[in-house]
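Throughout, a chain's letter reflects where its sequence line sits, starting with A, and its residues are numbered from 1.
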There are 2 protein chains.
Amino acid sequence: MEEGTSKSPSNCASTVDYGDADPFQWDTREDCQVRQILDRIADKWSLLVIALLENRRLRFTELRREIDGVSQRMLTVTLRSLERDGLVKRTVHPVVPPRVEYELTSLGRTLHTTIQSLVTWTEEHQAEIAHARTAYDTRAAEAAETTAS
Amino acid sequence: MEEGTSKSPSNCASTVDYGDADPFQWDTREDCQVRQILDRIADKWSLLVIALLENRRLRFTELRREIDGVSQRMLTVTLRSLERDGLVKRTVHPVVPPRVEYELTSLGRTLHTTIQSLVTWTEEHQAEIAHARTAYDTRAAEAAETTAS
DNA sequence: CTGTATCCATTAGGATACTG
DNA sequence: CAGTATCCTAATGGATACAG
C-alpha cells in the first residue's frame, strides 16, 4: 500500500495567532502540516471526488463512471486517503454482491465552500489564462526566431 | 523545457450557466480546462509562490530563500508556468549582476482570496485531520493484528 | 545573480490479473 | 461488486555543472 505523509509531522504554525496583519505568513517549511494537507486535497482526483460526493452518496462504481479517466487503483487510493483524513465515510453493506457507499463527513462538507470558490475562480478566469498562455507562447516563439537568425 | 497543458484545450463547461441549483456540476472530463488550471495552481510550489508575492515583489534569490526546500530548477519552472498563465509578472533589470523581480499581476491578485480561504480551512482543521488519521491508522493496525492471529 | 542543460532517483499512476 | 497485488512506464523533481 502506498503511504503518504510519513515524514515529521511538525505541527508548524499551530500556535501562531494570525491577527489581521500579514494574514499570509503561513509556514513555508517543507514538513508543514498545512502544506501536506494542501497537497493531499489538491491532488489529481480528490477535488473531483469531494465535488461529486457533495451532491449525494455514491457507490464505488458510480464514482468510477462519473470521473473520466480514473483507474480503479487510483480511485481506491484516493478514497482511502480521504477516508483516512476524515473527509469521507465508507460504508460496507454486508450483502452479496458487496455494496460500498461513500459519502462526505461533516468535516468533508466544510470543504465545500472553499473548493467551490477555487473552482469558480478558475471558471471565471480560464479565458484570461488561455489568452495569457497564447500571448506568452507567441512571444517565446518570436524570441526563438530572433535567436536563430 | 518541460511543457504542460499540451493536450486538447476543449473549453468545457464554458457555455454552461450555473443557476443556484447543482452548483457543483463542473466537468469531470480529463481534458477539461478547469481541471488543468486547478492542477497547475495547486501544484507543489505555485501556491507558496503566489502567497509570498502577495505581500511584495521579490527577487529570484529572495523567493528561493523564503521557500524551504525548493530547488533552483523547480523555482524556475514554477515561475515560468505562473508567468505563462498571466499570474506573475517578470521584470529583468538590465544591470550586472542581473536583477530579476517577480510580482503578481492583477489576475494573480484575484487569486488571493481564494487561496487564502483554502489555507485558512486547512489551518482551522488540521487538528481534526491529524486526529482522524491517527484513529484510522489505529483501526488499521488492529485489523491487521486480528487478521494475523 | 539568474538562469539553462543534463543526468539520475523517486514517485505517481496506468494495465492487468486475481480474490472475497 | 469492490477491491488487492504486481508490474511497468511516464512524469516529477533534486543535484550538479555550466553560461550570460
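- Applying the side chain to side chain contact (heavy atoms under 4.5 Å, CB included) rule to Ser81(B) yields the partners Arg40(B); only residues at least two apart in sequence or on another chain are considered.
- With rounding to whole Å, Leu75(A) atom CG is found 13 Å from dG13(C) atom P.
- What separates CG of Leu58(A) from P of dA2(D) is a distance of 11 Å, to the nearest Å.
- Contacts of Thr61(A) classified as side chain to side chain contact (heavy atoms under 4.5 Å, CB included), with partners at least two apart in sequence or in another chain: Arg65(A).
- For Arg90(B), whose side chain is taken as the heavy atoms from C-beta onward, the closest listed nucleotide among dG3(C), dA2(D), dG14(C) is dG3(C).
- Leu79(A) places its CG atom 10 Å from the P atom of dT4(D), with the value rounded to the nearest Å.
- The Tyr102(A) side chain lies nearest to dG3(D) when the options are dG14(C), dG3(D), dG13(D).
- Separating the CZ atom of Arg59(B) from the P atom of dG3(C) is a distance of 10 Å, rounded to the nearest angstrom.
- To the nearest angstrom, C1' of dA12(C) lies 13 Å from CZ of Arg40(A).
- For the pair Asp68(A) CG and dG14(C) P, the computed distance is 11 Å after rounding to whole Å.
- Taking atom CG on Leu48(B) and atom P on dG13(D), their separation rounds to 13 Å, with Å as the unit.
- Nearest nucleotide to the Thr76(B) side chain, out of dT4(D), dG14(C), dT4(C): dT4(C).
- A salt bridge does not link Arg59(B) to Glu101(B): none of the charged side-chain nitrogens sits closer than 4.0 Å to a carboxylate oxygen.
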Enumerate, atom names and distances included, each donor-acceptor pair closer than 3.5 Å involving a side-chain atom of residues 104-111 of chain B, sequence neighbours excluded.
| residue | atom | partner | partner atom | Å |
| --- | --- | --- | --- | --- |
| Thr105(B) | OG1 | Gly86(B) | O | 2.6 |
| Thr105(B) | OG1 | Leu87(B) | O | 3.3 |
| Thr105(B) | OG1 | Leu107(B) | N | 3.4 |
| Thr105(B) | OG1 | Gly108(B) | N | 3.0 |
| Arg109(B) | NH2 | Leu104(B) | O | 3.3 |
| Thr110(B) | OG1 | Trp121(A) | NE1 | 2.9 |
| Thr110(B) | OG1 | Leu107(B) | O | 2.6 |

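- A search for side chain to side chain contact (heavy atoms under 4.5 Å, CB included) contacts involving Val92(A) returns Arg90(A), Val100(A), not counting sequence neighbours.
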For a side-chain contact (heavy atoms from CB on, under 4.5 Å) check, start with the C-alpha distance between Ile129(B) and Thr122(B), then their side-chain angles and the critical distance, and finish with the verdict. CA-CA 9 Å; Ile129(B) 291 177; Thr122(B) 306; 5.8 Å; no
Whether each nucleotide of nucleotides 15-20 of chain D has a protein heavy atom under 4.0 Å at its base (B), only at its sugar-phosphate (S) or at neither (-) is summarised, 5' to 3', as B-B--B
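- Sequence neighbours left out, not one pair with a member in residues 48-102 of chain A passes ring pair (Phe, Tyr, Trp, His ring centres under 6.0 Å).
- Atom CZ of Arg80(A) is separated from atom C1' of dA5(D) by 14 Å (rounded to the nearest Å).
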